[in-house]
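These numbers were taken from a predicted model, which means no experiment stands behind them.
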Amino acid sequence: MKSLRIMLVVGLTVMAFTEVVFANEHVSGYYRHDGTYVHSYERTDPNGTTSDNWSHEGNVNPITGEEGHSND
């Protein structure tokens with residue numbers, strides 16, 4: 001019974017970690033209307049909160065290390 005609880009805790013931890021790791025999306029490069037090319041990048045999935053938004057002030061992009069700057 002004890003090993004079952006341990007397996008359950010480990011399984012739930014792995015599932016929670018996997019959800020965090022895959023909580024982003026890839027944006028392909030594109031050209032703006034003025035002809036400027038924007039390189040591809042990763043961003044968090046839109047979800048209506050700023051607590052996990054990499055560009056929001058107080059957060060840090062884990063891929064680039066860039067600190068957030070937006071207060072929106």
Side-chain angles (χ1 to χ4, degrees):
M1 185 69 174
K2 188 175 183 177
S3 63
L4 179 60
R5 277 191 236 158
I6 291 171
M7 288 175 51
L8 181 60
V9 168
V10 169
L12 290 173
T13 302
V14 168
M15 287 172 50
F17 178 73
T18 303
E19 183 67 26
V20 170
V21 169
F22 293 109
N24 62 13
E25 62 185 7
H26 179 77
V27 178
S28 298
Y30 60 93
Y31 286 95
R32 293 183 178 160
H33 293 290
D34 65 1
T36 305
Y37 183 72
V38 177
H39 291 279
S40 62
Y41 58 94
E42 299 289 322
R43 69 178 179 198
T44 53
D45 287 332
N47 61 3
T49 182
T50 59
S51 64
D52 62 355
N53 185 336
W54 296 338
S55 65
H56 192 267
E57 188 173 309
N59 296 336
V60 177
N61 185 322
I63 297 171
T64 65
E66 183 179 337
E67 293 187 12
H69 50 80
S70 174
N71 285 327
D72 297 338

Taking atom CD as the centre, does Glu66 end up with more than 12 heavy-atom neighbours from other residues, nucleotides or ligands that are less than 6.0 angstrom away? no

His26 side, atom NE2; Tyr41 side, atom OH - distance, nearest 0.5 Å: 10.0 Å

Within a 6.0 Å radius of atom OH on Tyr31, are there more than 12 heavy atoms belonging to other residues, nucleotides or ligands? no

